[in-house]
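Count residues from 1 along the sequence.
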Amino acid sequence: MPTILADSFTTSLAKLTNDEQKQVKLTAFDLQTDPNRPGLQFHRIDASKDPNFWSVRVSRDLRIIIHKTGDSVMLAYVDHHDDAYKWAERRRIETHPRTGAVQIVEVRERVEEIAIQPAPAIQPELPFLVPSAPSVSALPLFAKLSADDALSIGVPEDWIKDVLDATEEKFFALADHLPQEAAEALLDYAATGILKKPAPVAVDPYSHPDAQRRFRVLEGHEELAAALDQPFEKWAVFLHPSQRALVNRDSSGPLRVVGSAGTGKTVVALHRVARTLRHDPQAKLLLTTFSEPLAAALNRKLNVLVADTPSLADRITISSFEQAAADLYALITGRRAYLVGREKLRVILGEAAIAAGVTRYTSQFLNSEWEHVIDAWQIDSAEAYAAVPRMGRKNRLGSKQREELWAVFDEVRKQLRSKALLTSADLFTIVTEHFRDRDDKPYTHVVVDEAQDLGVAELRFLSAIVPDRQDALFFAGDIGQRIFQQPFSWKGLGVDVRGRSFTLKLNYRTSHQIRRTADRLLPDNVRDVDGEEDQRKGTVSVFNGVEPVVVIAPTIEDEAEAAATFLRNLLEQGMKPNEIGIFCRSNDQIARASKIAALADVETVSSLTGRTPEEAVLIGTMHLAKGLEFRAVLIVACDEGVLPLAARINDVADEFELDEVVATERQLLYVAATRARDHLFVSAVKPGSEFLEDLVRA
């Protein structure tokens, strides 16, 4: 007999204690083995509008709510006796008359008047709080829609009037009561003005794409055990229909998926990997991103996705850009690559300038010209330097100036070669040149996550290690989260994604309030050098939450007390320490972050090697936060001179570079803020970073 597992069951199970969860799982296994066994105590829930709801006794107080239809049993919910019964009395499970998807529907007449604001989480009284400006409208959002329109997107019939009467403020409370696909379609309409009615799907109600987002049909103890051991959101096997279309899309060249934080770009990339491996038995794939910790996180998620066919993992390599190049370098040369550190390189540059008698250029200019022009584009001769277009550089250089500077840069190259040292760009270039004209490529496909942080040498490298086939390259990223590289033309390097770049608009990870606050840091639209635009305006979150907290305190001690109070409050509400991250701009502020954790009496870890212990909060720089997810994030020490970082500002060579540094510092704060799902706290010492004004503006 099949067992159907609902996301409402796994969510409620996760809220129980470990001992209670063990008891529930044992009862669930008994139900799956023999739902008619005498030892199981069933009670029909007579007060429910749905006659198929039953309770099953787990212990003196725990009850599983099941839904029995025909020869199937659904595990729908679990809780203590009274709360479990209340849940069932307010719900019914039915097939939607228009979409054909099975839904768990709240009975409208059993729901009290919907509050304009949902019950907020208990927020502590914090000193030095900076009030944020509200942004709501009192006009009905869906006045132009008909009842039939609402029905066509999955709104239950008894909720249609509430939907059509809802204002923006009231709708975010109402959305919590609607099936997810209906809430998302309405949010999408509110953002774009276009109602996207799904085409009818003639399938079994549980096989409908919308039903598969909340139900899983299981056969046997092993499947049930695996499902119950992982939170529902970790399954990552069912996609929103708009995402699935991108996963399965065939194209005439490289594909790129963009979208703001939390819109599911990484999930799409992972599914693209799994699809490629399943559809092409000869595929050998590289899944790559900008750092090894993030590569490890991708590996864990992919293992969940391909758990049913573990042999697929034999044909995939998951590593950072640099590690992928280093592995291939070792393969083709038989030796390890030794990379020069940034500070060592600056010393070599300074010494070479003095030796060449070139003293009229600042060290900032020399470092920047080397990093963004000479090394980035792998300039290897005076002729190449004379011809390179110095894109975006404000300091114009004549032929005599370039000739003078080349004497410095050529000497740096000679010194690096004499010491057998490579820059990262050198490493990528060596591997690129080895594979560029060869037929035997190390990979058939490359899938890139966080693609906005690819540099010139990295993009050339990735293009060279795959054959010239239309589906070889797939990129996922967010132009607004670029924090490492200066912009450049992908098309100029032969990677043309024009017409094959698609934007995701629904934010699944971050609450409406946090997304709205973080979005104030960035422009509505971000355009790349090739003219491709990431239209950030119109992105909507699929769930509501509480307003972020911004604190600007008079002293470091006052800031620490406020942050510690906020952190203690999260823990008192039952949040696990490993669901919280504390981040600051650089290692110089780590001590301030650590003091906050100490005041809240909570353990911390600062490494992503392995899983974070449940009793420890992750603490680190904002760069570490990239690619991670937390229920709550505290971003501290956002002081003037710290954000943007004074050392970076002092290091710029011209106006263009200053604009780029400020933009990437702003984007770094955006990245850290959007790691938070439910709670966001940002703090500083007066006067605070200039960016904090944007967080609280209307």
Side-chain angles (χ1 to χ4, degrees), residues 254 256-262 265-270 272-273 285-302 316-329 337 339 341-342 371-372 375-376 423-429 431-432 443 446-463 465 473-488 490 493 495 497 526 528 534 581 583 585-586 607-609 618 620-629 648 660-661 663-665 667-672 674-675:
R256 181 170 69 175
V257 175
V258 298
S260 60
K265 302 178 297 297
T266 297
V267 172
V268 170
L270 290 170
R272 183 75 176 192
V273 169
L285 191 147
L286 171 67
L287 173 59
T288 186
T289 187
F290 74 95
S291 74
E292 280 302 302
L294 188 51
L298 290 175
N299 190 31
R300 290 193 294 269
K301 293 176 182 177
L302 188 67
I316 182 169
T317 299
I318 305 177
S319 63
S320 65
F321 309 145
E322 191 173 284
Q323 188 59 51
D327 291 343
L328 290 174
Y329 177 89
L339 301 183
R342 193 172 187 183
E371 182 175 348
H372 299 302
D375 195 40
T423 65
S424 291
D426 289 334
L427 172 65
F428 290 116
T429 299
V431 179
T432 298
Y443 300 102
V446 170
V447 174
V448 184
D449 191 32
E450 305 290 352
Q452 73 279 353
D453 283 318
L454 284 169
V456 173
E458 288 98 320
L459 189 59
R460 284 173 169 166
F461 158 70
L462 295 175
S463 301
I465 60 175
L473 294 171
F474 185 92
F475 302 94
D478 176 8
I479 302 171
Q481 293 188 60
R482 179 175 53 82
I483 59 176
F484 291 113
Q485 302 293 348
Q486 288 199 346
F488 62 92
W490 283 29
L493 296 182
V495 180
V497 296
V526 182
D528 68 15
D534 178 1
F583 299 104
R585 173 59 186 85
S586 70
S607 171
L608 285 176
T609 54
L618 181 67
T621 66
M622 294 183 191
H623 288 87
L624 177 66
K626 194 171 177 66
L628 302 179
E629 300 176 10
R648 289 195 70 198
E660 280 299 302
V661 165
T664 55
E665 291 283 298
Q667 287 158 198
L668 185 58
L669 177 58
Y670 172 84
V671 167
T674 53
R675 301 310 94 191

Glu322-Ser424 side chain donor-acceptor pair, cut-off 3.5 Å: yes
To the nearest 0.5 Å, what is the distance between OG1 (Thr664) and OH (Tyr670)? 15.5 Å
Can you tell if the side chain of Val258 reaches within under 4.5 Å of the side chain of Gln452, non-hydrogen atoms only? no
Roughly how far, to the nearest 0.5 Å, is the CZ atom of Phe475 from the CG atom of Leu454? 6.5 Å
Okay, side chain of Glu458, backbone of Gly455: is any donor-acceptor separation there less than 3.5 Å? yes
Considering non-hydrogen atoms only, spot the tightest contact between Leu427 and Ala337 and give its length. CD1-CB, 3.8 Å
Could you measure the distance from the CG atom of Leu669 to the CZ atom of Phe583? Nearest 0.5 Å is fine. 12.5 Å
Qualifying residues under side chain to side chain contact (heavy atoms under 4.5 Å, CB included), relative to Thr432, sequence neighbours excluded: Arg436, Arg460, Phe461, Ala464
Indicate the atoms forming the closest heavy-atom contact of Leu473 with Leu462, along with that distance. CD2-O, 4.0 Å
Determine whether the side chains of Asp426 and Thr423 contain a donor N or O and an acceptor N or O closer than 3.5 Å. yes
For Ser463 and Val495 the tightest heavy-atom approach is OG-CG2, 3.2 Å
Rounded distance [0.5 Å steps], NZ in Lys301 versus CG in Leu287: 11.0 Å
Rounded at 0.5 Å granularity, tell me how far CG in Leu270 sits from NZ in Lys265. 12.5 Å
Correct closest heavy-atom pair for Glu665 and Arg585 would be OE2-NH2, 2.6 Å
Give me the atom names and distance for the closest heavy-atom approach of Tyr443 to Leu285. CD2-C, 3.7 Å
Taking atom OG of Ser320 and atom CG of Asp449, what is their separation to the nearest 0.5 Å? 12.5 Å
Please check: side-chain N/O of Asn299 versus main-chain N/O of Ala296, any donor-acceptor pairing under 3.5 Å? no
If I compare all heavy atoms of Phe321 with all of Glu450, which pair ends up nearest, and what's the gap? CZ-O, 4.3 Å
Worked check of side-chain contact (heavy atoms from CB on, under 4.5 Å) between Leu618 and Leu628: CA-CA 11 Å; Leu618 181 67; Leu628 302 179; 3.8 Å; yes
Between Thr288 and Ser319 (side chain of the first, backbone of the second, donor and acceptor by atom type, cut-off under 3.5 Å), is there such a pair? yes
